[in-house]
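See below for the structure under consideration.
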Amino acid sequence: MMRFSGKLAGGVAIAALVATATAALAQDGAAARAQPAPASTPVPAPAPKSSDAFTQAFPQTTVSQPVVQGGLRIDAPLVQTWTVAQAQQLVSVIEGIGAEGLDPKDYDLQPLKVAIASGPSAELNQIASQSFVWLVEDLRDGRTPMEARTQWFVVDPDRDANPSGNVLADALKSNDIAGTLAKLNPTHPDYARLKAELAVTSDGQVAKRKLIRANMDRWRWLARDLGSQYLITNVPEFQLRLTVKNKIISTYRTIVGKPGRTATPQLAETIEGVIFNPTWTVPQSIVKGEGLGAKVLANPAWGKRNGYVATKGANGYVTVVQQPGPGNSLGMMKLEMPNEHAIFFHDTPSRHLFANDFRALSHGCVRTERALELAMTMAILGKGATKQEAVAISTSGKYTRVNLQKQWAAYITYFTMATDINGELSTFKDIYGRDAPVLASLDKPRVRNRSAAPTSEVIVIEDDLKDT
């Protein structure tokens with residue numbers, strides 16, 4: 001049995017983690033088999049673009065002419081026929097929407113009441129449909145406009161999975177306006193926890209209420225359901241959770257990016273493999289900028305002692321790769337998580353830094369304590385290796401990639417109020433200053449025709465790993 005930073009990384013410890021996670025998955029699978037098979041869902045297609053003009057956003061023709069998108073799916077129209085009783089249900093939902101951290105003033109409540117008083121009409125259909133669709137957009141996608149989501153690079157699948165017109169059609173067909181909208185809420189327990197906290201926070205606690213609302217909205221930015229098994233790290237908390245069906249199997253301290261240019265961005269990616277005993281390709285800022293390439297080429301023996309191998313191409317371009325070993329800057333593992341920002345989870349030889357309270361010290365990537373334990377657990381649960389194979393690979397000293405048959409979702413999030421690893425609802429320091437634009441957006445009128453696409457900016461962070 002091997003040990004890693006004073007913690008068991010094989011044998012009993014790994015077996016216990018795997019057994020706990022496997023039991024959670026099996027329990028969920030049994031529950032799923034007990035339920036009736038869900039109806040098949042249509043293939044999602046891109047949502048239609050919004051228009052500034054009301055008549056373009058809610059054309060009369062859509063009442064009787066469904067829109068066919070790319071031949072893949074028929075989306076229900078954005079304006080449909082309402083009864084007075086259904087519209088009155090909608091009024092009740094809007095009047096109570098503050099419980100979800102939203103503002104009734106955003107949904108044209110008074111015009112809706114006036115239209116109801118006039119009885120069934122085309123005007124009632126338009127106004128009620130419009131208010132309902134706005135509620136769908138905010139509950140499904142989040143109220144915060146993209147320009148207020150700093151370094152947010154997550155593509156939320158909910159818009160395609162639940163098109164606004166289809167949700168509207170379901171609500172009117174079932175005659176359950178409130179229940180249909182409630183199905184859009186995030187399933188993660190933290191959303192319900194924040195909602196409960198909002199309910200017991202007095203109106204006089206303005207700052208606290210706004211912070212709760214902002215963090216409730218952050219859950220809506222993500223997929224409604226995060227999946228059956230995933231990693232999720234909350235950057236300001238400096239913690240990573242290995243989670244199965246929203247049950248925390250294990251937690252790990254993290255080291256995240258320094259505030260400023262190397263702050264860790266918010267991502268939702270897929271872990272495809274686990275690399276044991278990784279190599280590290282040294283960034284050019286060190287190879288060239290700090291002269292490491294020239295030093296290794298001039299003194300190969302020194303380079304070998306420090307694990308560096310330098311290669312000079314015909315064009316004079318020098319690359320330096322640090323070989324696997326206890327001094328490797330990536331430590332003993334990295335999780336293969338392809339993304340255009342070059343952010344991933346990895347080990348570190350500087351494990352003493354996990355004892356610090358403030359751990360925003362890296363150049364963007366997320367360094368993880370007990371990383372070998374995490375890597376082995378994921379390799380086994382992902383059925384890329386047996387327990388014996390995982391231990392043998394990790395101790396081989398050789399670069400080895402273990403492909404996962406069952407890939408893991410990985411979420412890098414930023415919550416300044418959330419449930420901590422002890423189960424308590426806590427606030428965390430806004431280390432990157434990302435709260436301010438979100439809080440400011442709550443004081444402004446709802447942005448009606450906003451983009452659903454995250455920023456196209458790409459932040460590629462070269463984690464030089466040397467100075468911390």
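Quick caveat, the model's predicted, so the values are computed rather than measured.
- Without hydrogens or angle criteria, Gln89 side chain to Ile177 main chain gives a donor-acceptor distance under 3.5 Å.
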Check against ring-ring contact (aromatic ring centres under 6.0 Å, His included), Phe354 and His352: CA-CA 5 Å; Phe354 290 114; His352 63 283; 9.1 Å; no
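- Judged by distance alone, with hydrogens and angles left aside, the side-chain atoms of Ser394 form a donor-acceptor pair with the main-chain N or O of Val391 at under 3.5 Å.
- Side-chain contact, Thr144 with Arg220: no donor N or O sits under 3.5 Å from an acceptor N or O.
- Residues passing the side-chain contact (heavy atoms from CB on, under 4.5 Å) test with Val155, sequence neighbours excluded: Pro454.
- For Tyr230, the ring-ring contact (aromatic ring centres under 6.0 Å, His included) criterion is met by Tyr411, not counting sequence neighbours.
- For Arg213, the salt bridge (Lys or Arg N to Asp or Glu O under 4.0 Å) test picks out no residue, with sequence neighbours left out.
- The shortest distance between side-chain heavy atoms of Ile421 and Ile248 does not fall below 4.5 Å.
- Between Gln239 and Arg253, the side chains place no donor N or O within less than 3.5 Å of an acceptor N or O (distance only, hydrogens not considered).
- By the 4.5 Å heavy-atom criterion applied to side chains, Leu211 and Thr427 are counted as neighbours.
- Ion pairing of Lys195 with Glu100 is present here, as a side-chain N (NZ or NE/NH1/NH2) and a carboxylate O approach within less than 4.0 Å.
- The minimum heavy-atom distance between Gly397 and Pro324, with the atom names listed, is O-CB, 3.7 Å.
- Partners of Lys383 according to the salt bridge (Lys or Arg N to Asp or Glu O under 4.0 Å) rule, which considers only residues two or more places apart in sequence or in another chain, do not exist here.
- Judged as a ring-ring contact (aromatic ring centres under 6.0 Å, His included), and not counting sequence neighbours, Tyr107 has no contacts.
- Under the 3.5 Å distance criterion, with hydrogens and angles disregarded, a donor-acceptor pair is assigned to the side chains of Asp108 and Gln130.
- We find that Glu137 and Arg446 are joined by a salt bridge, their nearest charged nitrogen and carboxylate oxygen being less than 4.0 Å apart.
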Could you give the side-chain donor-acceptor pairs of residues 436-445 under 3.5 Å, partners two or more places apart or in another chain?
{"from": "Ser441", "atom 1": "OG", "to": "Val438", "atom 2": "O", "distance (Å)": "2.6"}
{"from": "Asp443", "atom 1": "OD1", "to": "Lys210", "atom 2": "NZ", "distance (Å)": "3.3"}
{"from": "Asp443", "atom 1": "OD2", "to": "Lys210", "atom 2": "NZ", "distance (Å)": "2.7"}

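- Applying the side-chain contact (heavy atoms from CB on, under 4.5 Å) rule to Ser396 yields the partners Asn277, Lys398, Thr400; only residues at least two apart in sequence or on another chain are considered.
- Asn215 and Arg218 are linked by a side-chain donor-acceptor pair at a separation below 3.5 angstrom, with hydrogens and angles left out of the test.
- For residues 158-199, the pairs satisfying ring-ring contact (aromatic ring centres under 6.0 Å, His included) are His188-Trp219, with sequence neighbours left out.
- When only modelled atom types and interatomic distance are considered, Gln322 and Ser329 share a side-chain donor-acceptor pair under 3.5 Å.
- Of the listed residues (Asp217, Ile212, Thr419), just one forms a side-chain contact (heavy atoms from CB on, under 4.5 Å) with Leu194, and that residue is Ile212.
- In this structure Phe428 satisfies the ring-ring contact (aromatic ring centres under 6.0 Å, His included) test with no other residue, sequence neighbours excluded.
- Between the side chains of Trp408 and Thr270, no donor N or O sits under 3.5 Å from an acceptor N or O.
- Counting only residues at least two apart or in different chains, ring-ring contact (aromatic ring centres under 6.0 Å, His included) contacts with residues 235-279 comprise Phe238-Phe358.
- In this structure a side-chain-to-backbone donor-acceptor pair under 3.5 Å is present from Thr386 to Glu389.
- The shortest side-chain heavy-atom distance between Val154 and Thr413 does not fall under the 4.5 Å cut-off.
- With sequence neighbours left out, Lys105 forms a salt bridge (Lys or Arg N to Asp or Glu O under 4.0 Å) with Asp103.
- Residue Glu369 holds its CD atom at 9.0 Å from OG1 of Thr254, rounded to the nearest 0.5 Å.
- Between Leu330 atom CG and Phe344 atom CZ the span is 5.0 Å, to the nearest 0.5 Å.
- Inspection of the Ser250 and Arg370 side chains reveals an N or O donor paired with an N or O acceptor under 3.5 Å.
- The distance from atom OG1 of Thr348 to atom NZ of Lys334, rounded to the nearest 0.5 Å, is 14.0 Å.
- Contact of the Leu184 side chain with the Asp158 side chain is not registered, since no non-hydrogen atoms from C-beta on lie closer than 4.5 Å.
- Looking only at distances, a side-chain donor or acceptor of Gln80 sits under 3.5 Å from a matching main-chain atom of Pro77.
- Look at Glu197 and Arg209 and you find no salt bridge, because none of the NZ, NE, NH1 or NH2 atoms lies under 4.0 Å from a carboxylate O.
- With a 4.5 Å cut-off on side-chain heavy atoms, Thr368 and His346 do not count as touching.
- The closest side-chain donor-acceptor pair between Glu272 and Asn403, if any, does not fall under 3.5 angstrom.
- The closest donor-acceptor contact from the side chain of Asn166 to the backbone of Asp75 lies at 3.5 Å or more, if one exists at all.
- In this structure the side chain of Leu168 never reaches within 4.5 angstrom of the side chain of Leu78, judged on heavy atoms.
- To the nearest 0.5 Å, atom CZ of residue Phe132 and atom OG1 of residue Thr180 are 6.0 Å apart.
- Under the salt bridge (Lys or Arg N to Asp or Glu O under 4.0 Å) criterion, Arg224 pairs with no residue at all, not counting sequence neighbours.
- In this structure, CD1 on Ile380 lies 8.0 Å from CD on Gln388, to the nearest 0.5 angstrom.
- A heavy-atom distance below 4.5 Å is found between the side chains of Leu90 and Ser131.
- Looking at Thr264, its side chain does come within 3.5 Å of a backbone N or O of Gly257 through a donor-acceptor pair.
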Dump the intermediate steps for side chain to side chain donor-acceptor pair (under 3.5 Å) on Ser164 and Arg140, then the final yes or no. CA-CA 9 Å; Ser164 300; Arg140 180 192 62 199; 3.2 Å; yes
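- Residues Met378 and Val402 fail the side-chain proximity criterion, which asks for heavy atoms closer than 4.5 Å.
- In this structure, the side chain of Arg159 does not engage the main chain of Asp156 through any donor-acceptor pair within 3.5 Å.
- In summary, the side chains of Thr416 and Asp430 do not present any donor paired with an acceptor at a separation below 3.5 Å, with no hydrogens or angles considered.
- Minimum interatomic distance between Arg450 and Gly142 (heavy atoms only, all atoms of both residues): NH2-O, 2.7 Å.
- Atom-to-atom distance recorded for Asp420:CG and Thr251:OG1 is 10.0 Å, nearest 0.5 angstrom.
- Considering every non-hydrogen atom in both Ile97 and Pro104, the closest pair reads CG2-N, 3.7 Å.
- In this structure, Ser362 contributes its side chain and Cys365 its backbone to a donor-acceptor pair below 3.5 Å.
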